[in-house]
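See structure below.
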Amino acid sequence: MLSADQQLEILKRATVTIHSEKELAAKLARGKPLRVKLGVDPTSPDIHLGHAVALRKLRQFQELGHQVVLIIGDFTAMIGDPSGRSSTRPPLTHEQVLANARTYTEQAFLVLERSRTEVVFNGDWFAKMPFTEVLALNARVTLQQMLQREDFKNRLAQGTEVRLHEIQYPIMQGWDSVVVRADVEIGGSDQLFNILVGRDLQKEEGMEPQVCMTLPLLEGLDGVKKMSKSLNNYVGLSEPPREMFGKLMSIADALMEKYFLLVLGEAMPADLHPMQAKKLLASRCVEIYHSAEAARDCLEDWDLRFSKRDLAQAELPLVPWTAEMTAFDLAKASFAQLGAVLSGGDIRRLLTQGSIQLNGEKLTDPKQVPAWQAGAVLKLDKKRSVRLA
RNA sequence: GGGUAGGUACCCAAGUGGCCAACGGGGGCAGACUGUAAAUCUGCUGGCUUUGCCUUCAGUGGUUCGAAUCCACUCCUGCCCA
């Protein structure tokens, strides 16, 4: 085991705040494995690179010999964390949440070590909590404290609703820390408030308060907002390699440095052409979540399709056709083949605007019946193409 | 409980009897330019068997030749008072 100082040095990397470093040093100095908590709300079935930032930090703790406590917020997910939200979340049923939780933990183990991970569900204690205890818990926190939060303050100022159950969220997350006796809790920088509530509750319970460690938030593919499923700007850990690769290639240059640091845990190589750097980023990421082989394949495929623009050689999904199909018919069939649900209007729009191309020729008239040929390449949009069977 | 302002497409928001599938912005998609990046310019953005038809403006019912727009009731939200 490394010394406390050495550990601290490693753990401090790529964090936003640590409350406090002194406390963390003291805990590490005892030489006993720490219980490091991360709460996740399974509001969607997939874990993405944004979640992975925290998971990677946990992995770092594990490699230093510490114990991870992964709290599945099956109960809190039904409330929805109000952090960073400008409106109330739509409620999820417990069945949905449990189904999500299964794929969630599965994917979390792409990063975490199973043997040093304890998985618990907070419904185990909250579902059984009597109302008297709920009230007692609420009595410890003031409304003023809760309303200090930016999210609530903004919503109040704007006259949008804040429902009472939402202000319970930080209290519940804090109580989780008490129940699992967390030594450290980590989360995104938007979790600061929630994690600090945990410290207060632990202190009141006569426990040593947890260290609060926050990590930078990873912006999504749009480069502006936090990566999230609901904004559809995410890269899922279990996405097929080529999809993962393609999504990473579409991020803005300015974002690369952060992605290198948070997704790969490396510094971005200094004097690489941005295009090369991005390819490296995408390859390394595919390598981590799939394999080196998959990464090579993606890179090759990418070069073939886009750098050399040689769709003819690329490996593409095959689409059955008949000679009398119109451009519209075949485009529709192709999208269907790829499992994409587009309305006729969308397809018509893609056609008339020149997105759909047969061997590089724009098919702008939906009703035309081109001379289809086996092996011909039909480009559908920026990312998708098919080959006639 | 009383008063008052509201509920329009993915989001914000205009429209207050026919010219409304509904101005404008954001977001999204596509084309040009590129490094499938960013920026910029242009176009599109309810559905369909698309020169036309169908379903939309919280819900239900009504007035009218004709309603997102008028009336009644219902549901929901903000604000003020209690």
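Naming: A, B, ... by sequence-line order, numbering from 1 per chain.
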Would you sketch RNA chain B in dot-bracket for me? Only Watson-Crick or G-U wobble pairs with both distances under 3.5 Å count, crossing pairs as [ ], other-strand pairs as |, the rest as dots. ((((((((.[[[..)..(.....]]]((((((.......))))))(((...)))...[[[[[..)....]]]]]))))))).
Between B:A38, B:G35, B:C29, which nucleotide gets closest to the side-chain atoms of A:D253?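 Between B:A38, B:G35, B:C29, the one nearest the side chain of A:D253 would be B:G35.
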Partners of A:H66 by ring-ring contact (aromatic ring centres under 6.0 Å, His included), sequence neighbours excluded?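 Scan of A:H66 (ring-ring contact (aromatic ring centres under 6.0 Å, His included), adjacent residues dropped) gives A:F61.
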What are the two closest heavy atoms between A:C285 and A:L248, and how far apart are they?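 Heavy-atom minimum between the residues: CB-CD1, 3.5 Å.
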Nearest heavy-atom neighbours spanning A:A14 and A:P216: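 Taking every non-hydrogen atom into account, O-CD, 3.2 Å.
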For A:S177, which of A:Q210, A:Q202, A:R35 qualifies under side chain to side chain donor-acceptor pair (under 3.5 Å)?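 So the option named by the test is A:Q210.
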Report which part of the nucleic acid A:P274 touches: base, sugar-phosphate, or nothing (heavy-atom distance under 4.0 Å, all strands).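 The answer is base, as A:P274 lies within the cut-off (heavy atoms under 4.0 Å) of a base atom.
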Applying side-chain hydrogen bond (donor to acceptor under 3.5 Å, both in side chains), name anything that partners [X], two or more places apart in sequence or on another chain.
{"X": "A:S189", "value": "none"}
{"X": "A:R199", "value": "A:E23"}
{"X": "A:S20", "value": "none"}
{"X": "A:E21", "value": "A:K12"}

Just grab all the side-chain hydrogen bond (donor to acceptor under 3.5 Å, both in side chains) pairs involving residues 351-378 of chain A, residues at least two apart or on different chains.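 Qualifying pairs, neighbours excluded: none.
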Spacing between A:M249 atom CE and B:A38 atom C1', to the nearest angstrom: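 Those two atoms, CE and C1', are 14 Å apart.
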Could you tell me how far apart A:K382 (NZ) and B:U34 (P) are, to the nearest whole angstrom?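 Computing the A:K382:NZ to B:U34:P distance gives 14 Å.
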Salt bridge flag under 4.0 Å for residues A:E208 and A:K27: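 Judged by the 4.0 Å cut-off on N to carboxylate O distance, A:E208 and A:K27 do form a salt bridge.
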In plain terms, say whether A:R242 and A:D297 are close enough for a salt bridge, that is, a side-chain N and a carboxylate O under 4.0 Å apart.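 Yes, this pair counts.
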Ignoring hydrogens and angles, does a donor from either the side chain of A:D222 or the base of B:G27 sit under 3.5 Å from an acceptor on the other?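 Per atom types, no contact qualifies.
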For nucleotides 76-82 of chain B, give me one character per nucleotide, 5' to 3': B if any protein heavy atom sits under 4.0 Å from the base, S if the only such contacts are to the sugar-phosphate, - if neither. -SS----
Take nucleotides 42-54 of chain B nucleotide by nucleotide from the 5' end and write B, S or -, depending on whether a protein heavy atom sits under 4.0 Å from the base, only from the sugar-phosphate, or from neither. -BB--SS-B----
Please list all pairs meeting ring-ring contact (aromatic ring centres under 6.0 Å, His included) that have one or both residues in residues 241-283 of chain A, counting only residues at least two apart or in different chains.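 Output for this query lists A:F245-A:W302.
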Please tabulate, one pair per line, each protein N/O and nucleotide N/O from nucleotides 56-58 of chain B that are separated by under 3.5 Å, including the distance.
none

What side-chain donor-acceptor pairs closer than 3.5 Å can you find for residues 127-141 of chain A, not counting sequence neighbours?
{"residue": "A:K128", "atom": "NZ", "partner": "A:D124", "partner atom": "O", "Å": "3.2"}
{"residue": "A:N138", "atom": "OD1", "partner": "A:Q168", "partner atom": "NE2", "Å": "3.1"}
{"residue": "A:N138", "atom": "ND2", "partner": "A:V134", "partner atom": "O", "Å": "3.0"}
{"residue": "A:N138", "atom": "ND2", "partner": "A:Q168", "partner atom": "OE1", "Å": "3.0"}
{"residue": "A:R140", "atom": "NH1", "partner": "A:E205", "partner atom": "OE2", "Å": "3.2"}
{"residue": "A:R140", "atom": "NH2", "partner": "A:E205", "partner atom": "OE2", "Å": "2.5"}

